[in-house]
Protein chains: 2
Amino acid sequence: MHLPTLRQLQFLCALADEKSFSRAAEVCNVTQPTLSSAIKEVEAILGVQLVEREARGASLTRAGEATVERARAILSSAADLVAAAHQAGAPLTGHFHLGAIPTLAPFLLPRTLADLRASHPELRLYLREDQTERLIEGLRNRTLDAALIALPWQAGGIETETLGDDEFLYIGPKEHKLSTAKKLAPEDLTSEDVLLLEDGHCLRDHALSVCSLSPTGNGSNVGATSLATLVQMVAGGLGVSLLPRIAAEAGVTAGTDVAIRRFDTPVIGRQIGIAWRAGSPREKEARMIGDCVRKTLSDRAADGAGLEARV
Amino acid sequence: MHLPTLRQLQFLCALADEKSFSRAAEVCNVTQPTLSSAIKEVEAILGVQLVEREARGASLTRAGEATVERARAILSSAADLVAAAHQAGAPLTGHFHLGAIPTLAPFLLPRTLADLRASHPELRLYLREDQTERLIEGLRNRTLDAALIALPWQAGGIETETLGDDEFLYIGPKEHKLSTAKKLAPEDLTSEDVLLLEDGHCLRDHALSVCSLSPTGNGSNVGATSLATLVQMVAGGLGVSLLPRIAAEAGVTAGTDVAIRRFDTPVIGRQIGIAWRAGSPREKEARMIGDCVRKTLSDRAADGAGLEARV
DNA sequence: TATGGGGATAGATAAAATCTATGCATCTTC
DNA sequence: GAAGATGCATAGATTTTATCTATCCCCATA
């Protein structure tokens, strides 16, 4: 079977991006006729018209769209092959870019990073804190090698591994009736002013689903920008909220006068996991980091009494 | 980033297969120096040694193995890209190779094929009957485009879609005590001589699991080669067995004197599904065939009384 | 130590990829 | 509606790459 060249596929993808032969050629650092004839040859190999030549630029046919999609996957795999081989030549070297969501990073990373530095001093970690969508995007475009996020989260071409559970705790002003109620269940919050993070944080969605609130019609529509802010707002008497146990244990409420309590039946609000691009040459390192996080999480579980002691 | 050529990757894969530069070159229809320098260049691009040059031939390094694995995937995707584009240029043309397991094909295909011929007369279907492992192998090496098998069946690089359930029915000699027992449950078979298909048929495993028998230590160790044979053996008084409802409805017991009855609580012994290679350009057609099978199966379910009428 | 399989190297040659220059449409603008 | 601009295709020259032939080197083995 006659295959198109990777280079030709690159040209095709550039053309798909630029919708113009000349601009695509420029992007690829070749002249327009070169790219033009390359595309023509791909069309000949495939026996289908891929590009519609129009007065102003070019557009892809249906077959072209489908082909470009496959071509991108192939080029990505090829890039992975190269990266993986480089990696094999110099294992655990180079920068590793790790992302984490804002409701995890400040509470999980300090301990995990210390562990990692101790056990794998040769790993050069670069960190990025962002919301899940952007982290996934980062994995896709290779600006990130792995990301710590809340699971489940399905995304095409992304693989994940679960590292542990995170419980949701109630927090509220000390004088709030729920803070001292006999019993406490997530449903009790439904009729309260529940403070939430601003839109885009997955924790917001998890919190909403735990107390069966609709995304829109609840009282408080100003969102906190961070968990620290959220705690301040609760302390200021603006309402009650849910706090991930991992944040509580890291002392996010230190110095404020709020009540924290577990629900009568513990609420596993979210799972903590690590994600990487399927086929990433860094998968092994990602799993290794995952193991380290898992250890951090289970160490915490072991001395779980610590929480009750503090609150 | 500098990428190796698809051609170079082909050379590398050939070398992995042949474990010899000269033979690999022959396979690729180039001379040995050509292949030799190509491999050398790939190693230069990747910055790793991929091949160990030994006195007698060549062997891959660890990095080489990993690279070859990725290379094969890339070449496969590239072949798919070409095939998909060809397909797009001439949809529904060309031969479609469909596999099916022996415990499905004779009972499911007659009706399905008639439907298919009616609704898609342009589809040229080639059929192959074989056991699951071989069908999967066929999907992998592109000698098959899709296969009707029993699910669940997980295999890397294979995608499946469930099309319907298949109930297991009791069959036994008319005079057997279970044939006329008040109540009938799968566990009742555990102490009987249960006749099974020969090894390698997935139906054998499903049957074993339904009546909680171990793969080895049951009485009858001669296996039937087909369901028709199995029915003959039951009719001959050699023991009892389980029969997929789809086979019973197709009349596999016609002309023999055996008792068929449903279990008191219906036993969904297996699911029927269609499988194709992930990324196959024929996925659409596979799903289309799947829809046709699904229709066949649900039509059957609709006039389900037919079974009770016959037995 | 002679022999032969197996791979590397060098230089010649064939094939390809790419470039420059130019042509031919179509759309814009005045 | 003619001039100019934009955008892709074509032709031929040129450079680059791939491949081939011929030969050498290594080393296991007889």
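Side chains included, hydrogens not; waters and symmetry mates left out as well; all remaining heavy atoms used. Order of the sequence lines fixes the chain letters, A, B, ..., with proteins taken first and strands second; residue numbering starts at 1 for each chain.
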For B:Thr34, which contact category applies under a 4.0 Å heavy-atom criterion: base, sugar-phosphate, or nothing? base

Per atom distances to the B:Ser36 side chain, the nearest of D:dT19, C:dA8, C:dT18 is C:dA8

If each of A:Gln8 and B:Ser22 is mapped to the nucleotide of DNA chain C with the nearest heavy atom, which maps nearer the 5' terminus, i.e. the 5' end? B:Ser22

Distance, rounded to the nearest Å, where A:Arg7 contributes CZ and D:dT17 contributes C1': 12 Å

Given C:dC19, C:dA8, D:dA18, identify the nucleotide with an atom nearest to the side chain of A:Val30. C:dC19

Here's a test for you: under side-chain contact (heavy atoms from CB on, under 4.5 Å), which of B:Ile101, B:Ile149, B:Leu104 qualifies with B:Ile272? B:Leu104

Between C:dC19, D:dT19, C:dG7, which nucleotide has the shortest distance from any of its atoms to the side chain of B:Phe21? C:dG7

Sugar-phosphate only, base, or nothing, as touched by A:Thr31 at under 4.0 Å among non-hydrogen atoms: base

With distance as the sole criterion, is a donor-acceptor pair present between the side chains of B:Arg294 and B:Thr162 under 3.5 Å? no

Per atom distances to the A:Pro33 side chain, the nearest of C:dA17, C:dT20, D:dA18 is C:dT20

Counting any heavy atom closer than 4.0 Å, what does B:Ala38 reach on the DNA or RNA strands: base, sugar-phosphate only, or nothing? nothing

Specify the separation, in whole Å, of atom CD of A:Gln32 and atom C1' of D:dA11. 13 Å

Out of D:dG7, C:dA17, D:dC8, which has the shortest distance to the side chain of A:Ala58? D:dC8

Indicate whether the side chain of A:Arg53 and that of A:Ser59 have a donor and an acceptor atom separated by less than 3.5 Å. no

